[in-house]
Chemist: 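One structure coming up, written as structure tokens, with questions to follow.
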Amino acid sequence: MKKRVVITGIGVVSPIGTGKETFWKALIRGKNGVEKAKKLDTSKYRTHMAAEVKDFDPKKFIEPKRVKSYSLLTQYAIAVVKMALDDSKLNISSGNRVGIAMGANTADPLVFAEALIFWSKHKRSLTPSHIYEKLNTNLPVVKTAQYFGLKGPCTVIPAACAAGNTNIAYAFDLIKTGKADAMFAGGYACMNHLAYSGFNKMRAMSPQYCQPFDKNRKGMIIGEGAGVILIEDMECALRRKAKIYAEILGYGLGCDAYNPAMPDPEGSGGMIATKMALKMAKVSPHDIDYINAHGTGTISNDRMEARIINNIFKSKDNGVKVSSIKSMVGHCMGAASGIEACASALIVERDIIPPNINYSEPDPYCDIDIVANTALKKRVNIMLSNAFAFGGDAGVIVVGKFKR
Amino acid sequence: MANKKRVVITGLGIFSPLGVGIGEYWRNLLKNNFPIKKISLFPIGEFKCKYAFQIGKFKFNSYFKDLKSDYIPRSTQFLLIAVKTALKDSNLQNKAYYDENEIGVFTSSIYGDWSSNEAFYNSTLLKGPDSVNPMAFPPAICNYPSNYVSMINNFKGANLTFSSGFQGGLEAINFASSLIKQGYIKTAVVNGLNDLASGHYLQLSLQKLLYKPDKRKKYRMRIFDNNRDGFILGENSSTIILESIIEAKKRKAKMYAEVLGYSANFGKNIDDYTRVITDAIKDSGLRACDIDLCMLNANGIKSMDSKEINAVRTVFKDYLNKIDLVAIKENNGECEGASSIIQTLVGVKAIHSNIIPPPVYRYDSLNGISGLKLKNNSKRKRITNVLINSFDLEGNNASLIVKKV
């Protein structure tokens with residue numbers, strides 16, 4: 001267990017920009033990626049806003065003649081892996097020990113929807129192959145592994161909104177235990193009626209913007225995209241003189257075991273995950289400079305998370321800064337913590353904390369040290385990135401500045 | 001190896017057409033039963049394969065008196081029952097034996113609950129958002145069945161769903177074992193889950209992966225038969241309980257077997273299969289000659305079965321007369337996300353009872369095209385080390401080694 005795991009590549013498709021630098025510039029500028037939804041017909045819904053990806057051109061990442069053979073979700077997955085691979089300059093053809101672990105909420109929702117619409121109009125036995133061949137939950141990841149010729153472990157953990165961190169945790173473990181040398185890890189999601197309808201009906205969505213931890217928040221905004229980090233055995237990275245963004249120091253996993261749709265107000269799963277992450281990283285709460293909050297902008301989630309942060313870190317007393325980039329990119333579901341892991345690597349590398357935008361009036365039940373509306377220049381040695389999912393799954397990762 | 005780094009299996013549970021609970025299931029497996037039924041859950045008029053290992057009607061409330069079954073999807077009910085039988089088998093029903101914060105739940109399931117997903121989408125897309133029942137949304141998410149297990153039992157450790165494919169169960173066992181070895185949880189409830197859903201059945205049918213009955217209309221998976229042409233789907237939920245050996249000894253638990261080694265890779269070639277088996281044996285610190293029994297992935301898909309046998313032949317070349325090969329999908333069907341957990345469960349029970357269930361194959365270079373000789377009866381043999389193979393259709397491969405404690 002003495003191996004160390006470092007981040008050597010970043011790939012991101014997000015509502016505020018595709019590609020590491022575009023994403024980063026938008027992030028520290030506090031760009032709001034939320035607009036009226038264009039990819040879904042929201043006329044029958046109560047709300048109409050979404051954080052959609054606007055600048056994605058699959059041909060930049062996938063051979064043009066092959067683009068059509070992949071669903072949008074698979075295109076996102078291939079694109080972020082391609083970006084992370086190029087960024088890391090890793091030669092994957094030289095070994096069998098590079099794998100992938102990514103996840104989402106469900107099977108490919110657009111393919112699933114296409115199938116159901118087809119079945120409602122035609123005989124089921126006439127379903128075209130472009131639909132039935134893409135229905136498996138693991139397809140986007142499998143197709144990505146095939147596209148790049150990856151030979152290491154290929155895993156899909158659909159831990160809903162904690163999918164990114166959970167897959168990073170799993171990949172980290174494989175490297176630590178010597179079962180892989182490098183892993184692409186993260187999550188993906190695309191705009192779809194399953195999530196939009198479900199959260200709308202649960203009255204969890206905001207009609208305007210996403211305002212995490214603000215007293216006047218009105219809910220979450222559904223987003224989409226993909227985020228992947230390439231994590232690597234430090235020795236391998238040093239041997240090939242790779243650029244190292246940051247080190248993954250540990251992770252924590254827990255479960256509320258409370259309610260299928262509501263978080264435990266006490267935050268029991270998140271509390272367990274946070275304590276486990278600190279223990280694995282061998283750091284104390286005082287060592288944490290910044291927390292990238294799950295911060296969805298719903299009352300129940302924000303207050304639960306603030307409770308965890310206050311209980312463990314005493315945020316204001318100890319100067320632990322907190323912000324939620326969901327205020328800018330929306331809640332990208334399965335992609336959320338993958339995108340946030342990309343942000344985390346850059347925050348630790350560049351010592352700038354992105355803002356929690358749309359924040360005007362503090363919620364008295366969320367008494368934490370928010371980085372409000374403007375990015376903050378601050379040395380970030382060690383930070384946490386939180387993800388708390390539907391069903392109570394909690395995944396937390398600890399990211400630190402790389403020191404030899 | 002230091003005790004703190006050892007993980008043992010202390011409970012087995014199952015809810016399947018072959019039986020409920022490990023006792024009933026094992027008895028029926030040894031009798032070589034194969035409870036195939038005509039599918040009654042949805043119309044199958046258009047398709048050639050009309051049979052499956054379908055779980056018949058059952059009374060959920062005879063297992064959980066206080067829960068309202070109307071609100072729990074069918075597949076989640078399977079899972080809850082399997083977990084209950086495993087907790088009983090491991091004598092973990094008594095909460096004095098564990099800390100709820102240190103029990104994790106790990107479930108391999110390709111879709112979670114396909115039917116709930118389909119039902120939710122149907123109401124949204126075809127009837128409009130107003131027709132949607134908000135409480136029907138959570139079951140449409142893949143991790144719902146696994147979360148429900150944590151919720152009902154108040155297990156607050158890690159909760160993960162693996163949807164990577166057939167081998168997801170072995171991934172779950174490996175990850176759960178790693179967390180136990182590192183001391184982050186003490187106990188893991190590791191599950192496999194597969195149910196019959198019309199859309200998925202259709203998908204497999206169109207992909208021509210399902211068995212077609214032969215001229216004699218005989219419904220039985222013909223694994224390694226020269227005329228084999230696909231698999232029969234199976235419903236199943238199975239559970240194994242993992243614990244650190246220290247905890248198991250402390251509470252004087254029955255120890256079925258120990259988790260020893262694991263490997264995973266990606267690829268559809270014989271070399272990939274050979275590599276994953278070799279790496280798992282290496283990871284366990286054993287040699288090929290130490291393996292007594294191999295739980296095969298074999299499911300009646302000609303190309304995959306042939307590659308697996310060739311890989312086994314390559315790895316065990318000098319010891320083929322020693323190793324027994326078991327293809328239990330013949331009696332369980334292809335249970336997809338649940339399949340590798342069932343294989344592990346049977347391998348572990350074989351270690352514990354020193355009985356190999358049928359169908360047992362032995363390599364015999366003089367016999368037939370595949371070189372395999374079939375024995376349709378169970379067999380007594382002292383078994384120490386078992387290899388479990390699981391290869392998904394898309395190229396995800398994993399192998400696991402378990403040994404006698």
Side-chain angles (χ1 to χ4, degrees), chain A residues 1 44-45 96 99 105-107 112-113 115-117 120 123-125 127 129 132-133 135-138 142 145-146 150-160 166 170 173 177 179 193-194 197-198 200-202 253-261 268-269 272 276 280 389-393, chain B residues 46-47 101 104-105 110-112 117-118 120-122 124-126 128-130 132 134-135 137-144 147-148 150-151 153-165 171 175 178 182 184 199-200 202-203 206-207 262-267 272 275 283 394-396:
Chain A
M1 287 294 177
K44 290 181 183 167
Y45 293 115
N96 290 322
N105 293 15
T106 59
F112 210 90
L116 290 178
I117 289 168
S120 70
K123 273 179 87 171
R124 286 185 151 215
S125 56
T127 311
S129 60
Y132 69 72
E133 283 177 355
L135 281 167
N136 282 1
T137 314
N138 64 5
V142 162
Q146 285 169 353
L150 303 180
K151 285 286 188 182
C154 175
T155 297
V156 180
I157 305 174
T166 309
Y170 180 79
D173 192 80
T177 54
K179 293 183 171 68
H193 283 286
L194 178 77
S197 162
N200 233 284
K201 200 68 187 178
M202 294 175 83
L253 301 167
C255 182
D256 281 349
Y258 178 75
N259 183 290
S268 56
I272 288 169
M276 176 179 161
M280 189 182 289
F390 220 45
D393 291 350
Chain B
E46 302 168 55
F47 304 109
N101 292 347
V105 179
I110 292 182
Y111 295 100
N117 201 348
E118 190 171 334
F120 187 83
Y121 255 113
N122 264 329
T124 296
L125 294 172
L126 308 178
D130 285 344
V132 168
M135 289 322 291
F137 178 42
I141 310 294
C142 267
N143 61 357
Y144 180 84
N147 285 143
Y148 215 92
S150 288
M151 204 178 78
N153 294 287
N154 203 31
F155 295 155
K156 289 181 179 282
N159 187 311
L160 275 75
T161 298
F162 292 78
S163 296
S164 329
E171 293 175 345
F175 190 49
S178 181
Q182 295 173 65
Y184 295 113
H200 182 48
L202 169 82
Q203 177 197 7
L206 294 172
Q207 286 177 307
Y262 169 82
S263 180
N265 70 16
F266 186 77
D272 301 309
R275 185 161 58 90
D283 187 53
E394 304 293 344
N396 301 7

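None of these values were measured; they are calculated from a predicted model. Lettering of chains follows the sequences in order, A, B, ..., and the numbering in each one begins at 1.
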Chemist: Please list, chain by chain and in numerical order, all residues satisfying ring pair (Phe, Tyr, Trp, His ring centres under 6.0 Å) with B:Y111, sequence neighbours excluded.
Modeler: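 Applying ring pair (Phe, Tyr, Trp, His ring centres under 6.0 Å) to B:Y111 gives B:W114, B:H200.
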Chemist: Based on non-hydrogen pairs under 4.5 Å, which of B:D283, B:N153, B:N265, B:D130 is most in contact with chain A?
Modeler: B:N265
Chemist: To the nearest 0.5 Å, what is the distance between OG on A:S129 and CD on B:Q203?
Modeler: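 Between atom OG of A:S129 and atom CD of B:Q203 there are 12.0 Å.
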Chemist: Once rounded to the nearest 0.5 Å, what's the spacing between atom CG of B:L125 and atom OG of A:S120?
Modeler: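 Going from CG on B:L125 over to OG on A:S120, the span is 9.0 Å.
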Chemist: Over all heavy atoms of both residues, which pair between A:P158 and B:S163 is shortest? Give the atoms and the distance, please.
Modeler: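 Minimum heavy-atom contact is CG-OG, 3.2 Å.
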Chemist: Check for me whether the distance between the ring centres of B:Y144 and A:F390 falls short of 6.0 Å.
Modeler: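 No, ring centres 6.0 Å or more apart.
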Chemist: To the nearest 0.5 Å, tell me how far B:K156 NZ sits from A:L253 CG.
Modeler: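 Going from NZ on B:K156 over to CG on A:L253, the span is 15.0 Å.
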Chemist: Tell me the closest heavy-atom pair linking B:C142 and A:A107, and the distance in Å.
Modeler: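 Scanning both residues completely, I find the closest heavy atoms to be SG-N, 4.4 Å.
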Chemist: Tell me, out of B:S263, B:G157, B:G267, who's got the most heavy-atom pairs with chain A below 4.5 Å.
Modeler: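 Maximum pair count with chain A is reached by B:G157.
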Chemist: If I measure from the heavy atoms of chain B, does A:I272 come under 4.5 Å with its side chain, its backbone, both, or neither?
Modeler: side chain
Chemist: Find the one option among B:M151, B:M135, B:Q207 whose heavy-atom pairs under 4.5 Å with chain A are most numerous.
Modeler: B:M151
Chemist: With sequence neighbours left out, what residues match B:E118 under salt bridge (Lys or Arg N to Asp or Glu O under 4.0 Å)?
Modeler: A:R124
Chemist: Taking the side chain as everything from C-beta on, heavy atoms only, tell me whether B:L202 gets closer than 4.5 Å to A:Y132.
Modeler: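 B:L202 vs A:Y132: side chains apart.
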Chemist: Please name the pair of heavy atoms, one in A:K201 and one in B:P134, separated by the smallest distance, quoted to 0.1 Å.
Modeler: CG-CD, 3.7 Å
Chemist: Tell me, with the steps shown, if B:F162 and A:V156 meet side chain to side chain contact (heavy atoms under 4.5 Å, CB included).
Modeler: CA-CA 6 Å; B:F162 292 78; A:V156 180; over 6 Å; no
Chemist: Run A:K151 and B:D272 through salt bridge (Lys or Arg N to Asp or Glu O under 4.0 Å) and show every step you take.
Modeler: CA-CA 8 Å; A:K151 285 286 188 182; B:D272 301 309; 3.0 Å; yes
Chemist: To the nearest 0.5 Å, how far apart are CD1 in B:I110 and OG1 in A:T137?
Modeler: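 OG1 of A:T137 is found 7.0 Å from CD1 of B:I110.
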Chemist: Sort out for me which of A:N105, A:N259, A:L135 touches chain B most, counting heavy-atom pairs under 4.5 Å.
Modeler: A:L135
Chemist: Is the backbone of A:V142 close enough, under 3.5 Å, to the side chain of B:E394 for a donor and an acceptor to pair up by distance?
Modeler: no
Chemist: If you count heavy-atom pairs under 4.5 Å with chain B, which of A:L116, A:L194, A:I157 comes out on top?
Modeler: A:L194
Chemist: Count the heavy-atom pairs under 4.5 Å between each of B:T161, B:L206, B:N159 and chain A, then report the option with the highest count.
Modeler: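 Of B:T161, B:L206, B:N159, B:L206 has the most heavy-atom pairs under 4.5 Å with chain A.
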Chemist: Say you draw a straight line from CG of A:N138 to OG of B:S164; how long is it, rounded to the nearest 0.5 Å?
Modeler: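 Answer rounded to 0.5 Å: 7.0 Å.
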Chemist: Is chain B contacted by the side chain of A:N96, its backbone, both, or neither, given a heavy-atom distance below 4.5 Å?
Modeler: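 When you check distances to chain B, atoms from both the backbone and side chain of A:N96 fall under 4.5 Å.
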Chemist: Do you know the tightest heavy-atom contact between B:I141 and A:T106?
Modeler: CA-CG2, 4.0 Å
Chemist: Side chain of B:N396, backbone of A:C154: donor and acceptor closer than 3.5 Å?
Modeler: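 Yes, because the side chain of B:N396 sits within donor-acceptor range (under 3.5 Å) of the backbone of A:C154.
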Chemist: Only pairs of heavy atoms separated by less than 4.5 Å count here; which of B:N147, B:T124, B:L126 has the most with chain A?
Modeler: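 When all of B:N147, B:T124, B:L126 are compared, B:N147 has the most.
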Chemist: Between A:K179 and B:Y262, which heavy-atom pair has the shortest distance, and what is it?
Modeler: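 In this case the closest contact between A:K179 and B:Y262 is CE-O, 3.4 Å.
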Chemist: Which one wins on heavy-atom pair count under 4.5 Å against chain A: B:Y148, B:F137, B:F155, B:F47?
Modeler: B:F137
Chemist: Distance check, rounded to the nearest 0.5 Å: A:C255 atom SG versus B:N143 atom CG?
Modeler: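 Separation between the atoms: 8.5 Å.
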Chemist: Give the minimum heavy-atom separation between B:Y121 and A:A113, together with the two atoms involved.
Modeler: CE2-CB, 3.9 Å
Chemist: What part of A:N136 gets within 4.5 angstrom of chain B, counting heavy atoms only: side chain, backbone, both, or neither?
Modeler: both
